Amino acid sequence: MALKVGVLISGRGSNLKALLDDLARPNAPARIVRVIANNPDAGGLAHAIAAGVPASAIDHRTFDGRATFDAALTAALAEAEVELICLAGFMRVLGDGFIDRWSGRLLNIHPSLLPAYRGLEPHARAISDGVSESGCTVHAVTSELDGGPIIAQRRVPVFTDDTPDSLAARILVHEHLLYPHVVRGIAEGSMRVPRG
Ligand code: GRF
């Protein structure tokens, strides 16, 4: 039985698309069963709908606080019998209750070589520091922002004439390879999600 994956997005959803495409291949060990955006305008919802995957927005602005929003997310994910959650450009901070509920089953991808450049604008900060290498990281989610145990990374060079956009584009190619690789590894049992 393929591992049932849920993906949470906020925007264009290129990582979601990479996961959808990879896991649509024959005999994939995992499949995406539910996509949720916190923002009804998230372009990535269209990728899921085109792939025939149940997808909808749960708009955080319509809830009276984080706990009720998180509870609605959990209800939708549980309803779809999700076994692994991938945050893919999901721009809401999740509460401790949600993180505890899904501990060991909750992943994020971040465009830096964590623990370097947690949080916002990692590309610009890497460039302004003059580093020669950056990359992307898939990690387990804990209550520490971008601070959970690292599962896998891919590295890219940083060039002296890079802009945040050129570096982001170079890293994104690797994100699209790394995230499916990790989801497959977890589904096949060769990788695991540390509990933090
Ligand atoms: C990616 O760079 C991801 O690492 C970061 O947000 C961006 C999302 O891009 N967390 P996309 O929506 O998957 O295209």
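Keep in mind that what you see is a predicted model, and the values were worked out from it rather than measured. Read the numbers this way: they start at 1 and go in the same order the structure lists the ligands and their atoms.
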For ligand 1, find out whether one of its N or O atoms is nearer than 3.5 Å to an N or O atom of Asn108. no
Counting both backbone and side chain atoms, is some N or O of Gly13 under 3.5 Å from an N or O of ligand 1? yes
Counting from 1 in the order shown, the ligand 1 atoms closer than 4.0 Å to a non-hydrogen atom of Gly89 are 6 (O), 8 (C), 10 (N)
Whether Phe69 and Phe90 hold their rings parallel, tilted or perpendicular, with breakpoints at 30° and 60°: parallel
Could you give the distance from CG (Asp70) to CZ (Arg92), rounded to the nearest 0.5 Å? 9.5 Å
Non-hydrogen atoms of Ile9 versus ligand 1: any pair closer than 4.0 Å? no
Answer yes if the side chains of Asn39 and Ser10 hold a donor-acceptor pair under 3.5 Å, and no otherwise. no
Using a strict cut-off of less than 4.0 Å between a Lys/Arg side-chain nitrogen and an Asp/Glu carboxylate oxygen, indicate whether Arg170 and Asp162 qualify as a salt bridge. yes
With a 4.0 Å cut-off on heavy atoms, is Gly44 in contact with ligand 1? no
Counting non-hydrogen protein atoms only, what is the nearest one to atom 9 (O) of ligand 1? Give residue, atom name and distance. Arg12 NH2, 3.3 Å
Residues Ser134 and His123: side-chain donor-acceptor under 3.5 angstrom: no
At what distance is the nearest protein heavy atom to atom 2 (O) of ligand 1, and which residue and atom is it? Glu175 OE2, 3.0 Å
Looking only at the side chains, is there a donor atom on one of Arg195 and Thr142 sitting less than 3.5 Å from an acceptor on the other? no
What do you reckon, does Ile109 have a nitrogen or oxygen under 3.5 Å from a nitrogen or oxygen of ligand 1? yes
